[in-house]
Protein chains: 4
Amino acid sequence: MSSLSDYPVEVQTEVKQLRETVAKLHAQLLRWNLVVWTAGNVSQRLRSADLMVIKPSGVRYEYLTPESMVVTDLQGNPIDGAESPSSDTASHAYIYRHMPEVHGIVHTHSTYATAWAATGRNIPCALTMMGDEFGGQIPVGPFRLIGSEAIGEGVVQTLQQYPQSPAVLMRNHGPFTIGSDAEDAVKAAAMTEEVAHTVWAAEQLGDVIEISPEDIGRLNDRYRNVYGQH
Amino acid sequence: MSSLSDYPVEVQTEVKQLRETVAKLHAQLLRWNLVVWTAGNVSQRLRSADLMVIKPSGVRYEYLTPESMVVTDLQGNPIDGAESPSSDTASHAYIYRHMPEVHGIVHTHSTYATAWAATGRNIPCALTMMGDEFGGQIPVGPFRLIGSEAIGEGVVQTLQQYPQSPAVLMRNHGPFTIGSDAEDAVKAAAMTEEVAHTVWAAEQLGDVIEISPEDIGRLNDRYRNVYGQH
Amino acid sequence: MSSLSDYPVEVQTEVKQLRETVAKLHAQLLRWNLVVWTAGNVSQRLRSADLMVIKPSGVRYEYLTPESMVVTDLQGNPIDGAESPSSDTASHAYIYRHMPEVHGIVHTHSTYATAWAATGRNIPCALTMMGDEFGGQIPVGPFRLIGSEAIGEGVVQTLQQYPQSPAVLMRNHGPFTIGSDAEDAVKAAAMTEEVAHTVWAAEQLGDVIEISPEDIGRLNDRYRNVYGQH
Amino acid sequence: MSSLSDYPVEVQTEVKQLRETVAKLHAQLLRWNLVVWTAGNVSQRLRSADLMVIKPSGVRYEYLTPESMVVTDLQGNPIDGAESPSSDTASHAYIYRHMPEVHGIVHTHSTYATAWAATGRNIPCALTMMGDEFGGQIPVGPFRLIGSEAIGEGVVQTLQQYPQSPAVLMRNHGPFTIGSDAEDAVKAAAMTEEVAHTVWAAEQLGDVIEISPEDIGRLNDRYRNVYGQH
């Protein structure tokens, strides 16, 4: 099916909701200083069909509306919307195809997360907030060129090695985060930048104390099972 | 008494006021860039009963209202409110039980204060503002896991060793601040981040000049007794 | 012609549009934290005549209106407007005369870009965003005094050596950026500060990994030809 | 005369204007991130009498109104207003008495300016903006306790040694800036923080290139005489 009108009504209804949700969440990228100009994007995968809703390419944030969001299939082919989809669409699609539990993806070039990515160093786990949210280090993924699904492939490979982490820092590029929906992935993007900034600042003061794997396990277990996140 | 309607009218009136006050002060955490997403909380202890009003767990700041605030007793048991109380409730309760003069507590993961906490280093007293407000160094407390009153216990132990300081940086975690009411504790949280950032920046320039204990004593004495703070 | 009323109607119409555009874009300098007080300026060259619209000198941003913008010829002589033009007018004029494809210029003293300028070091190309937007390093230009066209001359000389870059960091001074219109140059100014900050932060963490010239070429080619920028 | 009603009408009129001006300028301290909570103050000296208008002590910025501003004589004695004047009043008064050309004073603890103050290092002149506005280095003044005119005395002594500079960084404390009126001093406070931040960032990258005394002289001369700033 190559047109949204070919899909069942429930799909069209979900698309309508997700256009609102995804458009609105881009304001959260600005709210938490994760993006400059047009440099970031959010998508959410539908529950009712193998489709996703994603930011249009090269549109300034103040001009984003629910209507300007683009609907594509999970190969990245446009299904609905007047604009072209984000140049990262093929990578979002790759991640959704290979990680079926993921329903939200965010990509930014947020300053401190990207600084770690430019050095190729994982962010060491030195904060209880990292134990909670990331279950350990935030890993750096491989260097990949933009414009194909190569970035998505690098994200999936890296997350398979760090199954607790909802974030990967693509080398020389910036963070990708995943979640059970787009809001969850935006939260992970905000947390990634915050811990990237904090551990960066800590390193300038002297030796950073890393948290032991046992305590990381306890933190992450409580966060997921008692606090009920993820 | 396990329901708010069992309490005298004056208690119900104070609860109503404090729901407003505590909800509103969360906006100050955002205003001074002390928190990201849901990562921080404010509470205030009542004057008219052994109860406190505290932030609900996991609610985004833009959705916080006076009605969403939670009332608990000083063991952390919920007394009133539709939401679950913050996961730090047991620690707030511990502090109120062991420090009766304290009527406000704030916890954040503010960036630079938490950076010091990740290295285990006290912030040296190099600013007149620290002499005024903190009476010397801002101490780092012990590493403690989240979810029990263990954090509160670590806060109280540390503050007993640094009786002039309204702030303690829990190791690998973040700052807790206390005050005569919630606003006073929010002020201490804002000041903690500001001096953490300033002394951090000073260390990058070269040798920081610490203020002598005699001058710290003079600053703190004037601040409390002449200027009338605390 | 020394008065705007001597010009054809189409010129007067374009002036009216550009006064709106240029006044409004100064708000974007504030939005992205590129300027403090009055320290920055935007101009755009007309398509219909050899004129430009530029910020008035020494006016605080909250008082900028379309009417307060100044029109000058490409020697920098005032043609229309009650205020004096920016003290950088002669340099904007020099750039427009020597780079006919340029129709927008922005000058700021944004913090991290200017920090690189104070050390005389080019920003190394360590981010895919730099490969995209700048086609490699962001170069530092010569030291030049303010008030004549000497700065404009230094900008043109440096950009001739770095033809892919829309930005040059004038030594001990700050960035100048160019574009196909003023909005394009404002985007380049925002991106310049962002990558200056990110690579600065990366250097504090350890060895920054530079992107190879081959990969920079691939990124820049795709950005211009496939993505359609510049 | 110890009551404002004893003064001529023109003085009462100027007081009314300056209450508006000074109250409004405190919003600019927040706008440029120069202050946290209540930690900063602005004053302006009248032209029509030996009086000044200054911020009240310990009032949060959102509660500042023209009416809450305090009028004192140039010994710091309150003449009009319901609140107590800022604890820095005696120092403002000392500066006005000893520098008659000064009609505006601002004190902040802005982060990076105060970081330099905590190390006792002057900010080297490495930016054309510093040559323009400060005529060279921004000097550090002596350590002085709060609450008497001792700080004002240290400010005056230091500015006598650096007659081009409108700013002094009091050691371990924070910047004081002066101007021909309060707005001029607020501008100097904003510029002080900006150059403090920029040169701080430059030092983290490697060797900062200082501007030669000859070029500083040329910049400062043009700024004052051609551009018309002081």
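Labels below follow one simple rule: chain letters A, B, ... track the order of the sequence lines, proteins then strands, and each chain is numbered from 1. Side chains included, hydrogens not; waters and symmetry mates left out as well; all remaining heavy atoms used. Predicted model only: the values in this text are computed from it and were never measured.
In this structure, D:Asp215 CG and C:Arg144 CZ are separated by 12.0 Å, a value rounded to the nearest 0.5 Å.
Residues C:Trp37 and D:Glu194 fail the side-chain proximity criterion, which asks for heavy atoms closer than 4.5 Å. Between D:Met129 and C:His173 the shortest side-chain heavy-atom distance does not fall below 4.5 Å. Looking at D:Arg31 and C:Glu62, their side chains never come closer than 4.5 Å, going by heavy atoms from C-beta outward. The side-chain heavy atoms of D:Arg222 and C:Ile146, taken from C-beta on, include a pair separated by under 4.5 Å.
Ranking D:Leu219, D:Val195, D:Val186, D:Ile211 against chain C, the residue ahead of the rest is D:Ile211, based on heavy-atom pairs under 4.5 Å. Counting heavy-atom pairs closer than 4.5 Å to chain D, the top-ranked of the candidates C:Ala118, C:Ser84, C:Ser110 is C:Ala118.
Of the two parts of C:Val199, neither the backbone nor the side chain holds a non-hydrogen atom closer than 4.5 Å to a non-hydrogen atom of chain D. Neither the backbone nor the side chain of C:Ala113 has a heavy atom closer than 4.5 Å to any heavy atom of chain D. For a residue to count as touching a neighbouring chain, one of its non-hydrogen atoms must lie under 4.5 Å from one of that chain's; by this rule D:Glu193 does not touch chain C.
By the ring pair (Phe, Tyr, Trp, His ring centres under 6.0 Å) test, D:Tyr162 pairs with no residue at all, sequence neighbours left out. Under the side chain to side chain contact (heavy atoms under 4.5 Å, CB included) criterion, D:His197 pairs with C:Thr111, C:Tyr112, D:Tyr112, D:Trp200, not counting sequence neighbours. Scanning for ring pair (Phe, Tyr, Trp, His ring centres under 6.0 Å) contacts around D:Phe143 gives an empty result, with sequence neighbours left out.
Nearest heavy-atom pair, C:Val36 versus D:Met191, reported as atom, atom and distance to 0.1 Å: CG1-SD, 4.3 Å.
At distances below 3.5 Å, not a single donor-acceptor pair connects side-chain atoms of C:Asn172 with backbone N or O atoms of D:Thr128.
At a heavy-atom separation below 4.5 angstrom, chain D is approached by C:Glu203, C:Gln204 within residues 202-210 of chain C.
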